[in-house]
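Following: one structure in structure tokens, then a few remarks.
All of these numbers come straight from a predicted model, not from anything done at the bench.
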Amino acid sequence: MKIDFMTLFPEMFNGVLNESILKKAQEKEAVEFRVINFRDYSSNKHNTVDDYPYGGGAGMVLKPQPIFDAVEDLKKQSDTTPKVVLVCPQGERFTQAKAEQLATEDHLLFICGHYEGYDERIREHLVTDEISIGDFVLTGGELASMVIADSVVRLLPGVLGNEDSPILDSYSSGLLEHPHYTRPADFRGMKVPEVLLSGNHKKIEEWREQESLRRTFTRRPDLLESYPLTDKQKSIIKRWENEN
């Protein structure tokens, strides 16, 4: 996969892209990152990329020319058609399902804005997807694009050591993930559940499924509205509701 980041602050990406899983993914040649300063595409002699909004108002708006020229140039350099992603508060809410969808693409191109916003013609004529990582406002799109890229890259084949890891993550199954424990079995009187020490894989799996359901029920009950519950799970939830 190729992932391009168009930004005015390329230095922001150095640490994130060159550490941990994202670094390993590059070493395994599962992904190739490029960070492009779209100020370099400005046709203005002062290299300005923003201007005052028509009709007045606070803040500055990113001009279409540098971004159009940058995207068009990057497309010419690529042998695949990129999915052009605009990170912005107005976009669709980013989810694990969206990450899984993006992980099937060959090429992603993120446009990371700053200032008040983008000229609307960028949205209308360049962008294929608008994505928001939550109902809050950031200074720019750089952090959001890195969050999305991290979520996507870890799903690529061969990136994680255990191929089951992304499948078992919270949200991938539709429920939150079950609790995890490691050695020692007794830490300051806080003990690991006996079932996990039993060696009975069937009971361990049943415990994990129930704890996953319990965690979702207590922390994110909204997820259960669209989850295909079995009759057994419905019965368990009904019991918990009665207990409360």
Next item on the list: Indicate yes or no: at least one non-hydrogen side-chain atom of I237 is less than 4.5 angstrom from one of L213.
Entry: yes

Item checked: Interatomic distance, I131 atom CD1 to I133 atom CD1 [nearest 0.5 angstrom] -> 10.5 Å

Check: Quick one: are K28 and V159 in side-chain contact, heavy atoms under 4.5 Å?
Finding: no

Margin query: Can you list everything that forms a salt bridge (Lys or Arg N to Asp or Glu O under 4.0 Å) with R215? Sequence neighbours excluded, please.
Written below: none

Note to self: For a side-chain contact (heavy atoms from CB on, under 4.5 Å) check, start with the C-alpha distance between H114 and E142, then their side-chain angles and the critical distance, and finish with the verdict.
What the structure shows: CA-CA 9 Å; H114 249 70; E142 287 79 11; 3.1 Å; yes

Notebook entry, point to check: Mind checking what makes ring pair (Phe, Tyr, Trp, His ring centres under 6.0 Å) contact with H107, not counting sequence neighbours?
Noted result: none

Next item on the list: Over all heavy atoms of both residues, which pair between L155 and A103 is shortest? Give the atoms and the distance, please.
Entry: CB-CB, 4.0 Å

Check: So how far is it from H125 NE2 to I67 CD1, rounded to the nearest 0.5 Å?
Finding: 14.0 Å

Margin query: Test: ring pair (Phe, Tyr, Trp, His ring centres under 6.0 Å). Region: residues 225-244. Which pairs qualify, not counting sequence neighbours?
Written below: F217-W240

Notebook entry, point to check: Can you check whether A99's main-chain N or O pairs, donor with acceptor, with S151's side chain at less than 3.5 Å?
Noted result: no

Next item on the list: Give a yes or no on this: more than 12 heavy atoms of other residues, nucleotides or ligands lie within 6.0 Å of atom CZ of F136.
Entry: yes

Check: Using the ring of each side chain (for Trp, its six-membered ring), is F5 parallel, tilted or perpendicular to F110, with breaks at 30° and 60°?
Finding: parallel

Item checked: H201 NE2: over 12 foreign heavy atoms closer than 6.0 Å -> no

Note to self: Using the side-chain contact (heavy atoms from CB on, under 4.5 Å) criterion, which residues pair with E120? Sequence neighbours excluded.
What the structure shows: R123, E124

Checklist line | Listed partners of D69 passing side-chain contact (heavy atoms from CB on, under 4.5 Å), at least two apart | finding: Y41, Q65, E72

Check: Are any non-hydrogen side-chain atoms of V153 and I3 less than 4.5 angstrom apart?
Finding: yes

Note to self: I need the T81 OG1 to D106 CG distance, nearest 0.5 Å.
What the structure shows: 9.5 Å

Next item on the list: Indicate the atoms forming the closest heavy-atom contact of N18 with K23, along with that distance.
Entry: O-CD, 3.4 Å

Item checked: Side chain proximity check, L86 to C88, heavy atoms < 4.5 angstrom -> yes

Item checked: K24 atom NZ: more than 12 heavy-atom contacts under 6.0 Å -> no

Next item on the list: Assess whether salt bridge (charged side-chain N to carboxylate O under 4.0 Å, His left out) is satisfied between D129 and K98, documenting all intermediate values.
Entry: CA-CA 11 Å; D129 294 72; K98 186 65 174 181; 2.7 Å; yes

Check: Do the side chains of I36 and D4 get nearer than 4.5 Å, heavy atoms only?
Finding: yes

Checklist line | Residues that R188 engages under side-chain hydrogen bond (donor to acceptor under 3.5 Å, both in side chains), provided they are two or more places apart | finding: none

Item checked: R239 atom CZ, over 12 foreign heavy atoms within 6.0 Å -> yes

Item checked: Test salt bridge (charged side-chain N to carboxylate O under 4.0 Å, His left out) applied to E211 and R214, step by step -> CA-CA 5 Å; E211 290 306 307; R214 185 195 304 275; 3.3 Å; yes

Next item on the list: Side-chain contact test, heavy atoms from C-beta onward, threshold under 4.5 Å: evaluate it for Q233 versus L224 and give yes or no.
Entry: no

Note to self: Measuring only between side-chain heavy atoms, which start at C-beta, is V61 closer than 4.5 Å to D50?
What the structure shows: no

Next item on the list: State, with a plain yes or no, whether a side-chain heavy atom of M12 is found less than 4.5 Å away from one of C112.
Entry: no

